[in-house]
Amino acid sequence: MTDQGERAAVIEAARGPVRAELGKAPKFRVDQLHRDGDWVFLLATMQEADGQPFDYAGTPLAEAAQQGFVSRTYAALLRHKAGGWEVVAKAIGPSDVAWEDWSRRYGAPAKLFAPG
C-alpha cells in the first residue's frame, strides 16, 4: 500500500475494535499490510505509544496476558465499502494463526495472507 493517507485510514479503522475491546488503543508496528482490490490484511505488533511492548494491564485480557495466553500480535481483515474501511474479522493477541481460514470464510483473496 503506497498511499500514506489510505494507509493511515486503514490502520485507524483497524485500531477501532482494539480500542473498543481493550479500552485503550495500541500503536501498531506493521509487519504486513497487503491490499487486493477492496480487501486489506493487516498483521501488526501492538506497542505502547512510546514504542514499548503493549501492556494488557487494566484490560479484559490482563489475566490471560499474565499467564502467557495472549500475544502482542494483532491481525485484521478489512474491506472498503462506501464510507471507508470496515473490519470484517480481527484477532487480538492470538496464540496461533487465527487468520488461516479467513480467505475461505469471508471470500477474501488468498494472496492477501501470503507472508512477505
Side-chain angles (χ1 to χ4, degrees):
M1 184 170 293
T2 56
D3 181 282
Q4 289 299 320
E6 185 172 40
R7 177 184 168 99
V10 165
I11 290 172
E12 191 53 37
R15 196 181 333 272
V18 182
R19 184 182 301 114
E21 193 166 317
L22 299 182
K24 66 183 201 176
K27 177 179 173 183
F28 292 144
R29 186 191 78 221
V30 175
D31 300 314
Q32 290 182 42
L33 185 61
H34 299 197
R35 180 176 183 176
D36 187 346
D38 290 340
W39 292 96
V40 167
F41 174 64
L42 167 69
L43 184 62
T45 302
M46 298 187 297
Q47 300 177 325
E48 294 293 330
D50 64 2
Q52 293 297 311
F54 186 75
D55 186 357
Y56 282 100
T59 74
L61 295 178
E63 188 174 324
Q66 283 183 326
Q67 296 176 17
F69 294 135
V70 294
S71 68
R72 291 187 176 93
T73 298
Y74 177 65
L77 177 64
L78 298 92
R79 190 166 196 183
H80 194 267
K81 297 192 174 184
W85 291 97
E86 178 181 294
V87 175
V88 175
K90 67 177 179 359
I92 300 171
S95 58
D96 61 1
V97 184
W99 54 92
E100 189 170 32
D101 70 342
W102 287 1
S103 176
R104 181 180 43 77
R105 188 187 306 179
Y106 300 106
K111 69 181 182 177
L112 283 176
F113 307 98

TODO: Looking only at non-hydrogen atoms, find the nearest pair between A75 and W102 and report the distance.
DONE: O-CH2, 3.7 Å
- [ ] Show which residues join F69 in its hydrophobic cluster (side-chain heavy-atom contacts under 4.5 Å, direct or indirect), or state none.
- [x] none
Task: For the student: nearest non-hydrogen atoms of P17 and V87, plus distance - done: CG-CG2, 3.8 Å
- [ ] Output all residues satisfying salt bridge (charged side-chain N to carboxylate O under 4.0 Å, His left out) with D101, sequence neighbours left out; order by chain, then residue number.
- [x] R104, R105
Open item on the list: For the CZ atom of F54 and the OG1 atom of T73, what is their distance to the nearest 0.5 Å?
Closed with: 12.5 Å
- [ ] Over all heavy atoms of both residues, which pair between P109 and D36 is shortest? Give the atoms and the distance, please.
- [x] CB-OD2, 3.3 Å
TODO: Quick one: list whatever passes ring-ring contact (aromatic ring centres under 6.0 Å, His included) with F41, sequence neighbours left out.
DONE: W99, F113
Open item on the list: Test of understanding: clusters of I, L, V, M, F, W, Y form through side-chain heavy atoms closer than 4.5 Å, transitively. Do L61 and M46 belong to the same one?
Closed with: yes
Task: side-chain contact (heavy atoms from CB on, under 4.5 Å) partners for A9, two or more places apart - done: W85
TODO: Identify whether I92 and V88 are in the same connected component of the hydrophobic contact network (ILVMFWY, side-chain heavy atoms under 4.5 Å).
DONE: no
Open item on the list: Could you check whether any side-chain heavy atom of V30 comes within less than 4.5 Å of a side-chain heavy atom of R7, counting everything from C-beta outward?
Closed with: yes
Task: Pairing residues for E86 by the side chain to side chain donor-acceptor pair (under 3.5 Å) criterion, not counting sequence neighbours - done: none
Task: Considering all heavy atoms, the nearest L78-A13 contact - done: CD2-CB, 3.8 Å
TODO: Report the residues that fulfil ring-ring contact (aromatic ring centres under 6.0 Å, His included) with W39, sequence neighbours left out, ordered by chain and then residue number.
DONE: none
Open item on the list: Once salt bridge (charged side-chain N to carboxylate O under 4.0 Å, His left out) is applied, what residue pairs with a partner in residues 41-63 remain, sequence neighbours excluded?
Closed with: K24-E48
Task: For R72, side chain to side chain donor-acceptor pair (under 3.5 Å) partners two or more places apart - done: none
Task: Set of residues satisfying side chain to side chain donor-acceptor pair (under 3.5 Å) with respect to R29, sequence neighbours excluded - done: D31, T45
Open item on the list: For the backbone of L77 and the side chain of Y106, can you confirm whether one donor and one acceptor N or O come within less than 3.5 Å of each other?
Closed with: no
TODO: Please list, chain by chain and in numerical order, all residues satisfying salt bridge (charged side-chain N to carboxylate O under 4.0 Å, His left out) with K27, sequence neighbours excluded.
DONE: none
Open item on the list: If hydrophobic clusters are built from ILVMFWY residues whose side chains come within less than 4.5 Å, do V18 and V40 share one?
Closed with: yes
TODO: State the CG-CG distance between L42 and L112, to the nearest 0.5 angstrom.
DONE: 11.5 Å
Open item on the list: Are more than 12 heavy atoms, taken from residues, nucleotides or ligands other than E100, located less than 6.0 Å from that residue's CD atom?
Closed with: no
Task: Shortest non-hydrogen contact between Y56 and G93, atoms and distance - done: OH-CA, 3.6 Å
Open item on the list: Under the rule for side-chain contact (heavy atoms from CB on, under 4.5 Å), what residues qualify as partners of E12, not counting sequence neighbours?
Closed with: R15, R19
Task: P94 backbone acceptor or donor facing S71 side chain under 3.5 Å - done: yes
Open item on the list: Run the side-chain contact (heavy atoms from CB on, under 4.5 Å) test against A62 and tell me which residues pass, sequence neighbours left out.
Closed with: T59
